[in-house]
> 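Take a look at this one; I'll ask things after.
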Amino acid sequence: MIRSVVRGMGAALPRRIMKNADFEGMVETSDEWIAQRTGIRQRHIAADDETTASLGEAAARAALDDAGLTPDDIDLIVLATSTPNNTFPATAVEIQNRLGMHHGFAFDLQAVCSGFVYAVTTADLYIRGGLAKRVLVIGSETFSRILDWSDRSTCVLFGDGAGAMVLEAGEGAGSIADRGVLAASLRSDGTHKDKLYVDGGPSTTGTVGHLRMEGREVFKHAVGMITDVIEATFSAAGITAEDLDWFVPHQANKRIIDASAKKLGIAEQKVVVTVDLHGNTSAASVPLALSAAVADGRIQKGDLVLLEAMGGGFTWGAVLLRW
Ligand SMILES: CC(C)(COP(=O)(O)OP(=O)(O)OC[C@H]1O[C@@H](n2cnc3c(N)ncnc32)[C@H](O)[C@@H]1OP(=O)(O)O)[C@@H](O)C(=O)NCCC(=O)NCCS
């Protein structure tokens with residue numbers, strides 16, 4: 001059977017780093033509060049010349065280099081983002097053009113912080129359905145552009161960045177020993193719309209709007225939703241937490257990551273954490289964390305890796321793959 005196998009990873013971060021202490025003159029907060037409640041110590045913030053398209057392009061080029069491929073080898077680009085350069089055309093098409101790619105097709109996918117998990121699942125179906133052989137799956141965000149910088153309960157939490165993965169069609173035996181995407185589980189539930197949203201949009205206010213969040217409410221739901229969808233993925237694949245080599249969760253809050261891993265029985269040393277360095281980069285957070293763990297040699301060929309994310313909507317999901 002066809003499997004979607006990871007061939008390369010890449011990342012891109014804005015040049016400017018903003019430390020927790022840099023907020024102290026802007027809103028009533030402290031490095032200590034932010035670090036204790038969230039685990040975040042710094043985040044990258046895009047300059048005017050850095051956009052979702054430029055960061056996505058840089059991450060895509062890094063992933064292509066890592067894969068030993070060029071844009072000519074790619075059939076499809078799926079970009080997960082909630083902060084596109086423009087309402088339309090899709091920023092994926094802009095990235096396609098920036099890469100000098102004038103064949104194949106490209107589109108954006110919007111599932112907020114779950115975007116990358118949704119995008120990997122989507123790319124896997126295009127590959128297994130025979131519509132694409134090699135897919136660039138990108139998560140790129142510039143959440144700094146939609147933050148209310150006077151709201152301390154949200155502005156300290158988010159950052160900008162991009163990560164990219166090259167998925168390639170490969171042969172598998174149909175067993176859990178195969179390399180590639182092995183199982184996935186996706187969920188959404190719009191009853192939670194008002195707990196995490198942007199208060200503007202083309203069809204309502206005609207403005208871009210700002211991010212609004214009831215943090216405590218999101219926190220309350222997060223661990224249960226994350227663990228449910230992971231247990232569904234484990235059961236679809238016939239594995240347990242003990243079989244995993246690496247857990248790469250969405251990087252929103254260290255306390256949510258710790259509580260989820262604990263509830264699932266995933267050992268602390270198997271959890272990849274980058275929230276301290278990047279903050280919450282929404283759809284970019286999982287590929288940024290994956291890139292870090294691949295670059296430093298933690299994730300090796302043959303390792304069993306679990307991706308997970310949860311975000312606005314709510315949307316949530318998990319993907320199990322063998323590297
Ligand atoms: C946002 C979050 C860090 C807040 O932590 P918390 O422990 O729940 O804190 P609370 O919201 O209960 O607020 C506690 C107090 O800190 C205050 N506070 C909020 N942000 C603050 C900040 N940046 N600095 C200092 N104090 C802050 C609140 O106003 C509140 O004060 P009060 O008790 O006087 O009303 C936490 O709720 C969270 O991480 N939620 C999930 C968010 C998330 O992951 N979203 C993305 C999902 S994709």
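In each ligand, atom 1 is the first atom listed, and ligand 1 is the first ligand listed.
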> What protein heavy atom sits nearest atom 42 (C) of ligand 1, and how far off is it?
M213 CE, 3.6 Å
> Going by the atom numbers of ligand 1, which of them fall below 4.0 Å from some non-hydrogen atom of R37?
6 (P), 7 (O), 9 (O), 14 (C)
> For L277 and H44, run side-chain contact (heavy atoms from CB on, under 4.5 Å): C-alpha distance rounded to whole Å, both residues' side-chain angles, the deciding distance at 0.1 Å, then the answer.
CA-CA 8 Å; L277 300 174; H44 290 249; over 6 Å; no
> Any atoms of ligand 1 less than 4.0 Å from a non-hydrogen atom of T38? List them with their elements.
3 (C)
> Decide, yes or no, whether a salt bridge links R212 with D194 under the criterion of side-chain N to carboxylate O below 4.0 Å.
no
> Just to be sure I'm reading this right: ignoring hydrogens, which of E214, R216, K195 gets closest to atom 11 (O) of ligand 1? Compare them by their nearest heavy atoms.
R216
> Is the shortest side-chain N to carboxylate O distance from K254 to D258 below 4.0 Å?
yes
> Only heavy atoms of C113, strictly under 4.0 Å: list the atoms of ligand 1 that pass.
48 (S)
> With no hydrogens and no angle check, just 3.5 Å: does a side-chain donor-acceptor pair link T81 and S140?
no
> As an exercise, state the distance from OG of S153 to CG of D148, rounded to the nearest 0.5 Å.
8.5 Å
> Just jot down the ligand 1 atoms closer than 4.0 angstrom to any heavy atom of E28, in number order.
24 (N), 25 (C)
> Report the residues that fulfil salt bridge (charged side-chain N to carboxylate O under 4.0 Å, His left out) with E214, sequence neighbours left out, ordered by chain and then residue number.
none
> Return the closest protein heavy atom for atom 44 (O) of ligand 1 as residue, atom name and distance.
A252 CB, 3.3 Å
> Could you identify the single nearest non-hydrogen protein atom to atom 20 (N) of ligand 1 and state the distance to 0.1 Å?
W33 CH2, 3.3 Å
> Among all protein non-hydrogen atoms, which one is nearest to atom 39 (O) of ligand 1, and what is the separation to 0.1 Å?
N253 ND2, 2.6 Å
> Side chains of F23 and M18: does their closest heavy-atom pair fall under 4.5 Å?
yes
> Is atom 33 (O) of ligand 1 less than 4.0 angstrom from at least one protein heavy atom?
no
> Among all protein heavy atoms, pick the one closest to atom 36 (C) of ligand 1 and tell me residue, atom and distance.
F219 CD1, 3.8 Å
> Just checking, is any N or O donor in the side chain of T83 or E141 under 3.5 Å from an acceptor N or O on the other one?
yes
> List ligand 1 atoms under 4.0 Å from N280, heavy atoms only on the residue side.
46 (C), 48 (S)
> Within a distance of under 4.0 Å, is there any protein heavy atom near atom 30 (C) of ligand 1?
no
> Side-chain contact, heavy-atom cut-off 4.5 Å: M165 with F116?
yes
> Measuring from D48:CG to R145:CZ, what's the distance to the nearest 0.5 Å?
6.5 Å
> My understanding is that we take every heavy atom of each candidate and find the minimum distance to atom 24 (N) of ligand 1. Doing that for N20, T29, I40, which one comes out nearest?
T29
> Is V27 touching ligand 1 with its side chain, its backbone, both, or neither, if touching means heavy atoms under 4.0 Å apart?
neither
> Could you walk me through whether W323 and L290 pass side-chain contact (heavy atoms from CB on, under 4.5 Å), step by step?
CA-CA 11 Å; W323 210 257; L290 268 176; 3.8 Å; yes
> In ligand 1, which numbered atoms sit nearer than 4.0 Å to a non-hydrogen atom of H250?
48 (S)
> I'd like to check which ligand 1 atoms, numbered from 1 as shown, lie under 4.0 Å from a non-hydrogen atom of G311.
48 (S)
> Could you check whether R15 pairs with D49 (Lys NZ or Arg NE/NH1/NH2 to Asp/Glu carboxylate O, under 4.0 Å)?
yes
> What is the closest protein heavy atom to atom 1 (C) of ligand 1, and at what distance does it sit?
L157 CD1, 3.9 Å
> Students should be able to answer this: which protein heavy-atom is nearest to atom 28 (C) of ligand 1, and at what distance?
R152 NH2, 3.9 Å
> Measuring to protein heavy atoms, does anything land under 4.0 Å from atom 17 (C) of ligand 1?
yes
> Just to confirm my output: which protein heavy-atom neighbour is closest to atom 41 (C) of ligand 1, and how far is it?
G215 O, 3.5 Å
> Would you check whether I34 reaches within less than 4.0 Å of ligand 1, judged by its heavy atoms?
no
> Atom CG in L64, atom CE in M101: separation rounded to 0.5 Å?
9.0 Å
> Which ligand 1 atoms does M310 reach within 4.0 Å, using its non-hydrogen atoms?
48 (S)
> With side-chain contact (heavy atoms from CB on, under 4.5 Å) as the criterion, how do E308 and H250 come out once you've worked through the C-alpha distance, each side chain's angles and the decisive distance to 0.1 Å?
CA-CA 6 Å; E308 161 275 309; H250 173 47; 4.2 Å; yes
